[in-house]
Amino acid sequence: MKTMLILFAAGMLATLAAGDSAESDLKRMQGEWTAIDDEEMVVMVVAKTNLEYRNPKTGEWFKAEFSLDPSTSPKQINATIKDGAIDEFKDKESLGIYRFADGRLEIAACRPGETEGPKDFDDPRCRRLEFTKD
């Protein structure tokens, strides 16, 4: 019984720690980020669990709601497209991964509707961007 209690307590602490990490990562993501995508400057604005991505040169844009799971390796970010320039993506989920490194936010995400997310940041099926804050 004592062993079960210890295991339960350890599991609860791990769950709370993962929640703290998700909250911490979510706080770090807030604000306006920029990246270079195919030689074009793009902007991503994160507010709470919403994000908006815009490429002013190409007209590509989307708005999404996202969730984080920092307990996985690599950490996961999954976004559901709510509106955007490409109608077929609406209400579809884009599975991705993220990390913070050297003041950057790196995200690799697959096409909305794909059922399998990236395995790593060099997955050829996915789009990878390195964002910085202005």
Side-chain angles (χ1 to χ4, degrees):
M1 181 71 158
K2 190 186 249 185
T3 303
M4 288 183 68
L5 225 101
I6 291 170
L7 290 173
F8 176 76
M12 289 301 292
L13 287 173
T15 300
L16 290 172
D20 287 346
S21 182
E23 188 76 22
S24 175
D25 282 358
L26 184 60
K27 283 181 182 177
R28 288 178 74 184
M29 278 190 188
Q30 301 302 298
E32 185 171 310
W33 298 82
T34 57
I36 302 297
D37 188 12
D38 289 331
E39 299 181 20
E40 302 293 340
M41 175 75 78
V42 298
V43 177
M44 179 177 70
V45 178
V46 178
K48 296 183 183 179
T49 57
N50 297 296
L51 68 83
E52 184 172 337
Y53 171 93
R54 292 196 178 276
N55 182 327
K57 297 271 186 186
T58 66
E60 178 185 5
W61 68 276
F62 64 85
K63 294 180 181 182
E65 291 179 8
F66 70 94
S67 63
L68 303 177
D69 185 354
S71 68
T72 61
S73 182
K75 296 177 179 185
Q76 293 179 354
I77 181 170
N78 298 323
T80 301
I81 307 300
K82 295 300 180 184
D83 197 8
I86 303 173
D87 288 337
E88 72 180 88
F89 292 161
K90 189 173 180 187
D91 297 323
K92 290 188 178 167
E93 187 174 42
S94 177
L95 306 176
I97 55 177
Y98 74 96
R99 67 181 168 202
F100 292 98
D102 302 323
R104 296 183 322 269
L105 168 60
E106 296 178 48
I107 297 177
C110 293
R111 183 180 176 90
E114 292 287 321
T115 58
E116 188 176 319
K119 300 293 183 212
D120 57 43
F121 289 90
D122 296 318
D123 192 321
R125 301 171 303 114
C126 303
R127 187 178 197 178
R128 178 176 172 254
L129 293 172
E130 292 184 16
F131 292 94
T132 57
K133 272 195 175 176
D134 291 335

Mind checking whether [X] and [Y] have side chains closer than 4.5 Å, heavy atoms only?
X	Y	value
N50	K82	no
E114	L95	no
N55	V42	yes
S94	F66	no
F62	I86	no

Take atom CG in D120; do more than 12 heavy atoms of anything else shown fall under 6.0 Å from it? yes
Is it the case that the side chain of [X] and the backbone of [Y] share a donor-acceptor pair, with hydrogens and angles ignored and the cut-off at 3.5 Å?
X	Y	value
D102	R104	no
E106	F131	no
D123	R125	yes

Distance from [X] atom [atom1] to [Y] atom [atom2], nearest 0.5 Å?
X	Y	atom1	atom2	value
I81	K90	CD1	NZ	11.5 Å
I97	D69	CD1	CG	12.5 Å
E65	N78	CD	CG	13.0 Å
L129	T34	CG	OG1	11.0 Å
M29	K133	CE	NZ	10.5 Å
R54	W61	CZ	CH2	6.0 Å

Once the angle between the rings of W33 and F100 is folded into 0 to 90°, is it parallel (under 30°), tilted (30 to 60°) or perpendicular (over 60°)? tilted
Quick one: closest heavy-atom pair of [X] and [Y], and the distance?
X	Y	result
A108	P118	O-CG, 3.5 Å
Q76	Y98	O-CE2, 3.3 Å
A35	E130	CB-O, 3.3 Å

Can [Y] be reached from [X] by stepping across I, L, V, M, F, W or Y side chains whose heavy atoms are under 4.5 Å apart?
X	Y	answer
V43	V46	no
M44	L26	yes
M41	I107	no

Charged N to carboxylate O below 4.0 Å: is that the case for E39 and K57? no
